[in-house]
Structures are given as structure tokens and as C-alpha cells.
Amino acid sequence: MLVEILGTEVEIDESVVEEPPEAIRRQITAYERGERTDFDLAVAAPGGLTGRVMARMRRIPYGETRTYGEVAAELDTAPVAVGQACGRNPVPIVVPCHRIVGANSLGGYSAGGEEGVALKRRLLEHERARR
């Protein structure tokens, strides 16, 4: 399903979320309005490293970031592998992969198509402004 956030369309794989699409949209809209700082949607994360990275992403507090290297060290893997796992996140925004950044840059962002990195920047600014 496509959702719009901060002026950009993002693809969310609603098949991995137990709640109906309307609940996903409602929570994303509340997040965008600054009324929600996290999501209480049940997400069926894949197994393996992607699932472990997704679980770690969900623990990064609203308005904060961690580097690919920090997450890699916690999970005993490589920063590139963490970045690849972030790129496989089927529910961006809901599982906040935008909160994982490079040591000296924002890094990439697979959500939002060509607007990806610009959207990542806007999401981080949005959260910092409301903290």
C-alpha cells in the first residue's frame, strides 16, 4: 500500500502488519501531525539478520539516531550488512530505518524512491523538531 508522508509516497507492505491498512494510515497520519512518536502495530519481521536489525530499529527512540556501525557492533555483523537489512525493511516509517545513519552522512534510504535521502532528512528533522 502507498502512504504519503511529508509530501512523499512510501510503499508499506501491509501483509506483514496484523492490523488493517486503515490503522496503519491512521497511525502514520498521527505521526506526521506530531501526535505519535512510535507505532503500536504488530509487525511480522522476517528471520535472520533483517529481522534482528528491524527489532533493533524499533528500539531507537524517537528523535535519536544510531550509526550503521553502532548497530553492526551490537549485532556482531558489518555496517554494510546493516544497511542492506535496512533496505529490506518492508514497513519503513513503522519500523524506523530512517533513524540509522552513516558515521559521516545520512546514508541511504530505500523508501520514497528518488526522494529517499531527502525524505530521510525530513523525517529526522520532523522528529527532532518535536522532541
Side-chain angles (χ1 to χ4, degrees):
M1 72 186 259
L2 284 175
V3 297
E4 187 171 322
I5 179 113
L6 302 177
T8 302
E9 285 191 333
V10 173
E11 180 71 34
I12 303 284
D13 182 355
E14 77 271 18
S15 73
V16 300
V17 180
E18 290 183 22
E19 291 77 13
E22 302 80 41
I24 300 167
R25 288 185 195 283
R26 198 169 34 255
Q27 289 194 26
I28 288 175
T29 298
Y31 166 87
E32 184 174 25
R33 289 182 184 148
E35 300 165 356
R36 174 176 285 281
T37 60
D38 60 356
F39 297 87
D40 59 359
L41 300 166
V43 175
L49 181 63
T50 299
R52 290 173 41 222
V53 170
M54 287 176 67
R56 181 62 189 96
M57 286 187 271
R58 290 191 95 165
R59 292 193 312 269
I60 301 171
Y62 181 89
E64 294 185 20
T65 60
R66 300 294 182 270
T67 67
Y68 297 104
E70 289 170 332
V71 174
E74 290 177 28
L75 300 178
D76 194 29
T77 191
V80 169
V82 170
Q84 291 169 339
C86 289
R88 290 188 295 271
N89 176 9
V91 285
I93 315 298
V94 174
V95 175
C97 48
H98 62 277
R99 295 181 189 154
I100 300 183
V101 298
N104 299 308
S105 71
L106 284 180
Y109 195 55
S110 61
E114 291 183 18
E115 294 275 321
V117 175
L119 175 59
K120 183 175 187 172
R121 179 177 289 109
R122 289 193 307 273
L123 288 166
L124 293 172
E125 290 170 354
H126 170 79
E127 291 184 7
R128 288 183 184 130
R130 285 164 175 75
R131 261 186 90 190

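Position 1 is the first residue of the sequence, and the numbers go up from there.
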Give the minimum heavy-atom separation between [X] and [Y], together with the two atoms involved.
| X | Y | result |
| --- | --- | --- |
| Leu2 | Glu9 | CD1-OE1, 3.6 Å |
| Arg25 | Met1 | CG-CE, 3.4 Å |
| Pro46 | Thr50 | CG-CG2, 3.6 Å |
| Pro92 | Tyr109 | CB-OH, 3.8 Å |
| Ala103 | Thr67 | CA-CG2, 4.0 Å |
| Pro79 | Gly69 | CG-CA, 3.8 Å |

When you group the ILVMFWY residues by side-chain heavy-atom contacts below 4.5 Å and let the links chain together, are [Y] and [X] in the same group?
| X | Y | value |
| --- | --- | --- |
| Ile60 | Ile93 | yes |
| Leu119 | Val117 | no |
| Val82 | Val101 | no |

Would a distance-only check, ignoring hydrogens and angles, find a side-chain to backbone donor-acceptor pair under 3.5 Å from [X] to [Y]?
| X | Y | value |
| --- | --- | --- |
| Glu115 | Gly112 | no |
| Arg52 | Leu75 | yes |
| Lys120 | Ala111 | no |
| Glu18 | Ala42 | no |

Heavy-atom side-chain contact between [X] and [Y] under 4.5 Å:
| X | Y | result |
| --- | --- | --- |
| Val91 | Met54 | yes |
| Leu6 | Arg121 | no |
| Pro96 | Tyr62 | no |
| Arg66 | Pro61 | yes |

Working to the nearest 0.5 angstrom, can you tell me the gap between [X] [atom1] and [Y] [atom2]?
| X | Y | atom1 | atom2 | value |
| --- | --- | --- | --- | --- |
| Leu106 | Leu124 | CG | CG | 6.5 Å |
| Asp76 | Leu49 | CG | CG | 10.5 Å |
| Leu41 | Arg26 | CG | CZ | 9.5 Å |

Output yes when Glu127 and Arg99 qualify as a salt bridge under the 4.0 Å nitrogen-oxygen rule, no when they do not. yes
Pair Glu14-Val3, side-chain contact (heavy atoms from CB on, under 4.5 Å): steps then yes or no: CA-CA 11 Å; Glu14 77 271 18; Val3 297; over 6 Å; no
Check Asp38, Val17, Asp40 against Gln27 for a side chain to side chain contact (heavy atoms under 4.5 Å, CB included) and give me the one that passes. Asp40
For Glu35, I'd like to know if atom CD has over 12 heavy atoms of other residues, nucleotides or ligands within 6.0 Å. yes
What residue pairs, at least two apart or across chains, pass ring-ring contact (aromatic ring centres under 6.0 Å, His included) with a residue in residues 21-58? Tyr31-Phe39, Tyr31-His126
For Leu123 and Ile5: C-alpha separation, side-chain torsions, deciding distance, then whether side-chain contact (heavy atoms from CB on, under 4.5 Å) applies. CA-CA 9 Å; Leu123 288 166; Ile5 179 113; 4.1 Å; yes
